Colleague: 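Let me give you the structure first, and then I'll get to my questions.
Worth saying up front: this structure is predicted, and the values here are computed from it rather than measured.
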Amino acid sequence: MVNMKAKSRFCPSPTGYVHLGNARTALFNALLAKQKEGIFLLRIEDTDVTRSKKEYEEALELDLNWLGLCWDEGPHKDLNHGPYCQSERQEVYDHYYTLLEQQEKAYPCFCTEEELALMRKVQRASGRPPRYAGTCLGLSQEKIQEKMTAGMKPTLRFHVPNDCTIEFDDAVRGLQRFSGSDIGDFIIRRADGTSPFMFCNAIDDALMEVTYALRGEDHLTNTPRQVLILQALQLPIPTYGHISLIVGDDGSPLSKRHGSRSIRELRESGFFPEAVNNYMARLGHYYENDTYMSLDELAGQFKLTNLGKSPARFDYQQLLRWQQEAISRKQSDALWEWMSESTRHLVPEAKREMFITTIKSNITFPEDAEKYALIFFSSDKRMLLEEQKKILQEAGPNFFRVAIDAVEDQGQNFRAISEYLQERLQVKGKGLFQPLRIALTGELHGPEMAAIFRILPVSEIITRLNLAQQNMAN
């Protein structure tokens, strides 16, 4: 079988919504394929019929398309290697089971779960690693038929010689070596006739001409077993690369308590896909260029040698940094569509561009934009915090009387207004800016003061300053 092009793959199980770790695996495989001008394959590993659901498969495709990780081959894009859902490929797997049995490299095992559990318990008690003891390896055809006639349903085990050594060159971790005695004979077909991950994943990689299989390091111990299967069937073996797992700030596996969310949740909360991609691309992969990049640029600088072996630590603040980078590069029309319907309803058409320009560097999510829309275009009274009230009290009623005079004299020219206040009140810095900002926005931080004065009508500025003055008088 000749591989005309490099091909990487992403093969998730549709048993839940795609989380950050799976999405990063998809991203690395997509970047590798793009960098090598090859093919990015999507395969759905849905052999777990009790947990796999069509809704998760559809959600997965939506998430990948949203991230821009559009597959070149897979569901809806058949390149003559389909079907691409493993639940539709059982005849393929059955064919290779037959070949392995004919070669006497696989055999039926009738051991029950209780017997296997007892076997493992005895092995541990004697200081040995729990491995299948080969109980059914030597069963005669007569004995096998007798058990089958009795209604017993066997699993199928792949036989691993104790004296064999399995070696492969991991694209991330270098040469890997495993002893057959440490692996033991393992199950390649369940008692109900279905295929476990170990088998169908390897078979499909070979038949679909996958050349690179980047996946989490938790699969590293699966690889020697899959290498054995493919060698026995004389099928091509892809280059495996086992990437570091993502952990939380405490070093434990990444979970929701570390701030991790599914890709669906990130999308629905308002993250931009470019932000998520720029963040994920640097989780376990080193880029000399730490600036915001497109998918093509990320692919152009992607290197297998830059994939790290140490766990990648999730940092939500870094994800927010890339989100803010994405916002800074978005055109106004894109940001307007990103904002909520209630925000778009609040902002007058004539003030749209000014509003977006004013708040762009101060927002991270759509709700931030809505907050500023309410501040600038709603008459609702804003509740002040004690710290904010204290700043207004320290400024005093006279500050606001003079500020009103300044606005009446200078209009929306903040520079002239600030000079007016400095000259008459001898205030500057925080003593000048903070009381004005709180009076006009109810916030201690936010857009530049000059922009606030431009977006609010003079009449509204005076109204808000008057309200602050009256509060001081009271």
Colleague: Considering only heavy atoms from C-beta outward, does the side chain of Arg9 approach that of Leu42 to under 4.5 Å?
Modeller: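 Heavy-atom side-chain distance check fails, nothing below 4.5 Å.
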Colleague: Does Leu79 offer a backbone N or O that forms a donor-acceptor pair with the side chain of His81 under 3.5 Å?
Modeller: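 Yes, because the side chain of His81 sits within donor-acceptor range (under 3.5 Å) of the backbone of Leu79.
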Colleague: Can you tell whether the side chains of Asp72 and Lys7 come within less than 4.0 Å, N to carboxylate O?
Modeller: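 Lys7 and Asp72: not salt-bridged.
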Colleague: Side-chain donor-acceptor pairs under 3.5 Å in residues 158-166, sequence neighbours left out?
Modeller:
unit_1: His159; atom_1: ND1; unit_2: Asp185; atom_2: OD1; d: 3.2
unit_1: His159; atom_1: ND1; unit_2: Asp185; atom_2: OD2; d: 3.2

Colleague: Give me the ring orientation class for Phe314 and Tyr316: parallel if the planes are under 30° apart, tilted from 30 to 60°, perpendicular past 60°.
Modeller: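 Answer is tilted, since the angle falls between 30° and 60°.
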Colleague: Tell me whether the guanidinium CZ or amine NZ of Arg264 lies under 6.0 angstrom from the six-membered ring centre of Tyr17 and within 45° of its axis.
Modeller: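 Positive - Arg264 is close enough to the ring of Tyr17 and near enough to its axis.
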Colleague: Glu146: what forms a side chain to side chain donor-acceptor pair (under 3.5 Å) with it, not counting sequence neighbours?
Modeller: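 Glu146: no side chain to side chain donor-acceptor pair (under 3.5 Å) contacts found.
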Colleague: Less than 4.5 Å apart, any side-chain heavy atom of Pro224 and any of Ile183?
Modeller: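 Contact flag for Pro224/Ile183 side chains = yes.
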Colleague: Whether Arg157 engages the ring of Tyr107 as a cation-pi pair (distance to the six-membered ring centre under 6.0 angstrom, angle to the ring normal within 45°) should be assessed.
Modeller: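 Judged by the rule (NZ or CZ under 6.0 Å from the ring centre, within 45° of its axis), Arg157 is not positioned above Tyr107.
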Colleague: Under the criterion side-chain contact (heavy atoms from CB on, under 4.5 Å), which of Leu41, Ile44, Leu60, Leu214 is the partner of Phe10?
Modeller: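 Of Leu41, Ile44, Leu60, Leu214, side-chain contact (heavy atoms from CB on, under 4.5 Å) with Phe10 is met by Leu60 alone.
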Colleague: Are Glu57 and Lys53 close enough for a salt bridge, meaning some N to O gap below 4.0 Å?
Modeller: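 Looking at Glu57 and Lys53, the cut-off is not met.
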Colleague: Hey, would you say the Tyr96 and Phe199 ring centroids sit under 6.0 Å apart?
Modeller: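 They do not qualify: ring centres at least 6.0 Å apart.
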Colleague: Does the pair Lys34/Asp296 count as a salt bridge with the N-to-O cut at 4.0 Å?
Modeller: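 Yes, Lys34 and Asp296 are salt-bridged.
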Colleague: Please state whether the rings of Phe302 and His285 are parallel, tilted or perpendicular, taking 30° and 60° as the class boundaries.
Modeller: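 If you compare the ring of Phe302 with that of His285, the planes turn out parallel.
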Colleague: Ring centres under 6.0 Å, that's the criterion: do His219 and Tyr240 meet it?
Modeller: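 No, too far apart.
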Colleague: Verify the ring-centre separation between His95 and Tyr93: is it less than 6.0 angstrom?
Modeller: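 Between His95 and Tyr93, which both carry aromatic rings, the centre distance is not below 6.0 Å.
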Colleague: May I ask you to check if Lys330 and Trp338 form a cation-pi contact, with NZ or CZ under 6.0 angstrom from the six-membered ring centre and within 45° of the axis?
Modeller: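 Lys330 over Trp338 ring: no.
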